[in-house]
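Lettering of chains follows the sequences in order, A, B, ..., and the numbering in each one begins at 1. In this text the structure is predicted, and so the values were computed from the model without any measurement.
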Number of protein chains: 2
Amino acid sequence: MTLFIEYLNAIVPLSDEAKNAIYPCLKKQHYKKNETIVRELASSQYLHFVEKGLIRAFYLKEEKEITDWFGLEKSIVGPIVRNFPIKKTIHRLETIEDTTLISISFNNLEKLYFQYHELERLGRIIAIQSMLLLQQKIDSIQFYSAKERYIDFITSYPTIIQRAPLGMIASYLGMNQVTLSRVRKMNV
Amino acid sequence: MTLFIEYLNAIVPLSDEAKNAIYPCLKKQHYKKNETIVRELASSQYLHFVEKGLIRAFYLKEEKEITDWFGLEKSIVGPIVRNFPIKKTIHRLETIEDTTLISISFNNLEKLYFQYHELERLGRIIAIQSMLLLQQKIDSIQFYSAKERYIDFITSYPTIIQRAPLGMIASYLGMNQVTLSRVRKMNV
DNA sequence: AGAATTTTTTAGCAAATGTTAAAAAATTAC
DNA sequence: GTAATTTTTTAACATTTGCTAAAAAATTCT
């Protein structure tokens, strides 16, 4: 629990009062490898934080799984807002490894935002940081070749490459798995 | 001025007090077509709102201009935060048509955030909305063909196609101008 | 209106990526 | 440890998109 609060505190220093208010809202849960965490992300009522492990969000496009987000330890799942519809498509949340999540209901989150101006600020800043990550992803897929995207990925997320199957990474990078395999063999 | 405040108020209903605090911080300015608004976006000290007209943000990649954002009337330029580095590359902000902007300094914005919890909330919600737009853009460039992206674009932004040169739109869509031209002639 | 400039389209060829299928390698289950 | 399953690589060919250059069309300037 405190790991999550420390994570938040590192983004925006929080008062003890705010920290104490967050604490009782948190719930810790363990998941096994390849387990479904949330069957339909859009209608989930919880915000999750990955304390340990690796998870992913994906959806189906023409029978195929498209992974469009990886959650390493110390990541927040999706955005900091109630029922934020990432897409119209149905997203599922699954573990890739044994994972420990810390969760808080949107209901409680809204209450905390309302009660503590400093937490509202924290939410704003996390959203801004997420924007930065999204923008980076746009940059990498918009004007770079498959090889460049792959190099960028292993530079930004060196551990994921050893922890997730290539198929998931290929879809994350917007390329065919065969293309990813080809690109990898081009030395790098 | 009030148009901007109305825009904000529509996102999150604001108290009169907050509205009155915003008002004196605003500055209105007119620009001609093809005029530079900000030479280097990352070091700009102002947040802009497009009251009227059309603008774009772009950067140079291998001598070529890459437009990566269009600002229609009633858009906010970039994110609601001080010195938010969209990219390491130098972004310029230019008008495409005669344009009226309403601006507020980040300095004043920070003060307003600090003073009014409700404005901090507004900032958070705008950031979340921007995330949605970014996510949509990722969806469209990641798994769709040039033709599909073009169709998606004219559906989402039907007016821009008539107001901005195709070269800008092509770079925005992450494709060659020649490809865009080809795609357009495939009936649609 | 006519000349100059900019934008858009067209064409031909090159390069990158997708697709299908099968083999090889690695991992998991018994 | 061996069989079964999953993941990764390889190959051959198809499709899409990129690139260069030139023609056509539209716009701007005087």
Return a table of donor-acceptor pairs under 3.5 angstrom between the side chains of residues 29-42 of chain A and protein atoms on other chains or two or more places apart.
residue  : atom : partner   : partner atom : Å
His30(A) : ND1  : Thr100(A) : OG1          : 3.1
Glu35(A) : OE1  : Lys32(A)  : N            : 2.5

Worksheet entry | Nearest-Å distance for atom pair CD/C1', residues Glu65(B) and dT7(C) | 14 Å
Worksheet item: When the distance from CG of Leu173(A) to C1' of dA16(C) is rounded to whole Å, what number comes out?
Response: 16 Å
Item to complete: Verify whether the ring centers belonging to Phe153(B) and Tyr172(B) lie closer than 6.0 Å.
Response: yes
Discussion item. Does Lys111(B) qualify as a cation-pi partner of Phe106(B), given the criterion of NZ or CZ under 6.0 Å from the six-membered ring centre and within 45 degrees of its axis?
Written reply: no
Discussion item. Using whole Å, what does the distance between atom C1' of nucleotide dT7(C) and atom CZ of Arg163(B) come to?
Written reply: 19 Å
Fill in: Ion pair check, Glu94(A) and Arg56(A), cut-off under 4.0 Å
yes
Worksheet item: Cation over ring, Lys64(A) on Phe58(A), under 6.0 Å and within 45°?
Response: no
Discussion item. Does the Lys NZ or Arg CZ of Lys28(B) fall within the cation-pi geometry relative to Phe49(B) - under 6.0 Å from the ring centre and within 45° of the axis?
Written reply: no
Discussion item. Counting primed atoms plus P, OP1 and OP2 as sugar-phosphate and everything else as base, spell out the protein contacts along nucleotides 8-20 of chain D at 4.0 Å heavy-atom distance: B, S or - for each nucleotide, 5' to 3'.
Written reply: BBBBB----SBBB
Worksheet item: For the pair made of CD in Gln162(B) and P in dA26(D), what is the distance, rounded to whole Å?
Response: 15 Å
Practice prompt. Check the distance between dT7(C)'s C1' and Asn34(B)'s CG and give it to me in whole angstrom.
Written response: 13 Å
